[in-house]
Amino acid sequence: MAEQLSNEQLIGAAKEFGTPLYVYHAEKIKEQYLKLVDGFSILDTKFFYASKALTNINILRYIKEIGCNVDCSSINEVKLALHAGFEPQNILYTSNGIAFSEIEEAVSAGVHINIDSLSNLEKFGKKYGHSYPVGIRMRPNIMAGGNIKISTGHEGSKFGIPVEQLDKIEEVVKTYNIFIRTLHIHTGSDIKDVDVFVKGIEVLFELIPHFPELEVIDLGGGFKVPYIPGEKETDINLLAQKIKESFDNHPTADNKKFQLWFEPGKFLVSECGYLLAEVTVLKETASTIFAAVDTGLNHLIRPMMYDAYHHINNISNPSGEMKAYTVTGNICETDTFAANRELHEIREGDYLAFLNAGAYGFEMASNYNSRFKPAEVLVRNNKSRLIRKRDDMKDLLKSQVELD
Ligand SMILES: Cc1ncc(COP(=O)(O)O)c(C=O)c1O
């Protein structure tokens, strides 16, 4: 089991590289990946890391090194994956709402593709016919995920082709003789209940007989990791067991076996990441003690965007007396990281560590308020190395066209 990074290691990184700083622990990513591989050893399974969670090129290379494949949500992520050294057959592009030109680029690159609209499926059929195996992203009409903003498979969701449009899909597939290799669903993020995945696969079993060339069932990502102390992650062994039972209970007419694919993002990289910030100002008011830090929603947007909980440790004073603080950012918006949270006594200059910052942390960061994006550090074999420099003024100006 990979130990958490110690407070001393984190403080050392904050002092060496400055704050705000994202720190990632390589061995934790591997530990999470091995849980998936071990749990699913009872089925023919492949994992594609949902790189949207964190695309630093060194993270992508580490993912490749541990033997995992990669899932992309834009053609640029595909290009980053190729740049990181992934072979096209180990890259999956699960698209949504994209221009057909991106699908053409993905075909030229030779990667796997999941198409999520009838419109693009038809264009694909016209251009490629049976020559390029492809997947269809279905909308199973299942409500899942920790929060409506991260639910993607329910009725009314923009993602995938609704299952009730099966006849239309069949018409397009027949007209152009499209080689449907994969059926895909992704119902949401933060899914603890393994039965949600089973429900999804049950929906797909209804569709399987309609696609005789099918080889792959792709159940997307969405495994839960603990954010709040005491929370549990998705029970991967139980999930694998239940999916196996589900397959066993639905033998295909010719006893054909499918390969199972998953696209985990958070499960692989959430817990490996820490956002380190320095407390800049303590402000005591009648109702609240505010602790302002040198970061904000520009660097970690999840609390404001999804009401997400991120645990906060005062790593400079880990045995200080417990007191309630409202931890806020330095952005010109309300950017509350934690409201009235019990934390070890905070002093100006203390370092705070925001946990679970690996997934959708840096990746969603912006330069709002013309603040620099943080630096990133990878800790591997207890050695901390810079993997992204902090922005500077040149970065703020580099794409701007200054008119005479
Ligand atoms: C198609 C698809 N696959 C995988 C993921 C990864 O989800 P998670 O990070 O919850 O595992 C997402 C997340 O939005 C997604 O949209």
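Ligands are counted one by one from 1 in listed order, and the atoms in each one are counted from 1 as well.
Within the listing of ligand 1, atoms 1 (C) sit less than 4.0 angstrom from a heavy atom of Thr94. Near Pro264, the atoms of ligand 1 lying under 4.0 angstrom from a non-hydrogen atom of the residue are 11 (O). Of all atoms in ligand 1, listed by their number and element, those nearer than 4.0 Å to a heavy atom of Lys266 are 8 (P), 9 (O), 11 (O). Within the listing of ligand 1, atoms 4 (C), 5 (C), 6 (C) sit less than 4.0 angstrom from a heavy atom of Ala50.
Only the side chain of His186 comes within 4.0 Å of ligand 1, counting heavy atoms alone; its backbone N, CA, C and O stay farther away. Residue-level proximity to ligand 1 for Asp71 is carried by the side chain, the only part with a heavy atom below 4.0 angstrom. Heavy atoms from both the backbone and the side chain of Ser189 come within less than 4.0 Å of ligand 1.
Checking only distances, Arg137 never comes within under 3.5 Å of ligand 1, N or O to N or O. Checking only distances, Tyr360 does come within under 3.5 Å of ligand 1, N or O to N or O. The distance criterion of under 3.5 Å between nitrogen or oxygen atoms is met by Gly265 with respect to ligand 1. Of the polar atoms of Asp190, none of the N or O atoms is found under 3.5 Å from an N or O of ligand 1, judged by distance alone. In terms of polar-atom proximity, defined here as any N/O pair under 3.5 Å, Gly222 does make such a contact with ligand 1. For ligand 1, the polar-atom distance check against Lys52 finds a nitrogen or oxygen pair separated by under 3.5 Å.
Ion pairing of Lys52 with Glu263 is absent here, as no side-chain N (NZ or NE/NH1/NH2) approaches a carboxylate O to less than 4.0 Å. Salt bridge present: Lys35 and Glu233 bring a charged side-chain N and a carboxylate O closer than 4.0 Å. A salt bridge is defined here as a Lys NZ or Arg NE, NH1 or NH2 lying under 4.0 Å from an Asp or Glu carboxylate O, and Lys256 with Asp254 fails to meet this definition. At a threshold of 4.0 Å, the pair Lys266-Asp190 counts as salt-bridged, since one of the basic side-chain nitrogens sits closer than that to a carboxylate oxygen. Using a 4.0 Å cut-off between charged side-chain N and carboxylate O, Lys199 and Asp195 make no salt bridge. Under the 4.0 Å criterion applied to side-chain N and carboxylate O atoms, Lys224 and Glu231 are assigned as salt-bridge partners. Between Glu122 and Lys127 there is no salt bridge, since none of the side-chain N atoms of the basic residue sits less than 4.0 Å from a carboxylate O of the acidic one.
For Ala53, the closest heavy-atom approach to ligand 1 does not fall below 4.0 Å. Residue contacts with ligand 1 leave out Ala359, since none of its heavy atoms falls under 4.0 Å from the ligand.
The protein heavy-atom contact nearest to atom 3 (N) of ligand 1 is Glu263 OE1, 2.6 Å.
The cationic atom of Arg302 (NZ for Lys, CZ for Arg) does not lie both less than 6.0 Å from the six-membered ring centre of Phe354 and within 45° of the ring axis.
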- Assess whether ring-ring contact (aromatic ring centres under 6.0 Å, His included) is satisfied between Trp261 and His184, documenting all intermediate values. CA-CA 9 Å; Trp261 289 4; His184 167 282; 9.6 Å; no
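The aromatic ring centroids of Phe223 and Phe262 lie less than 6.0 Å from each other.
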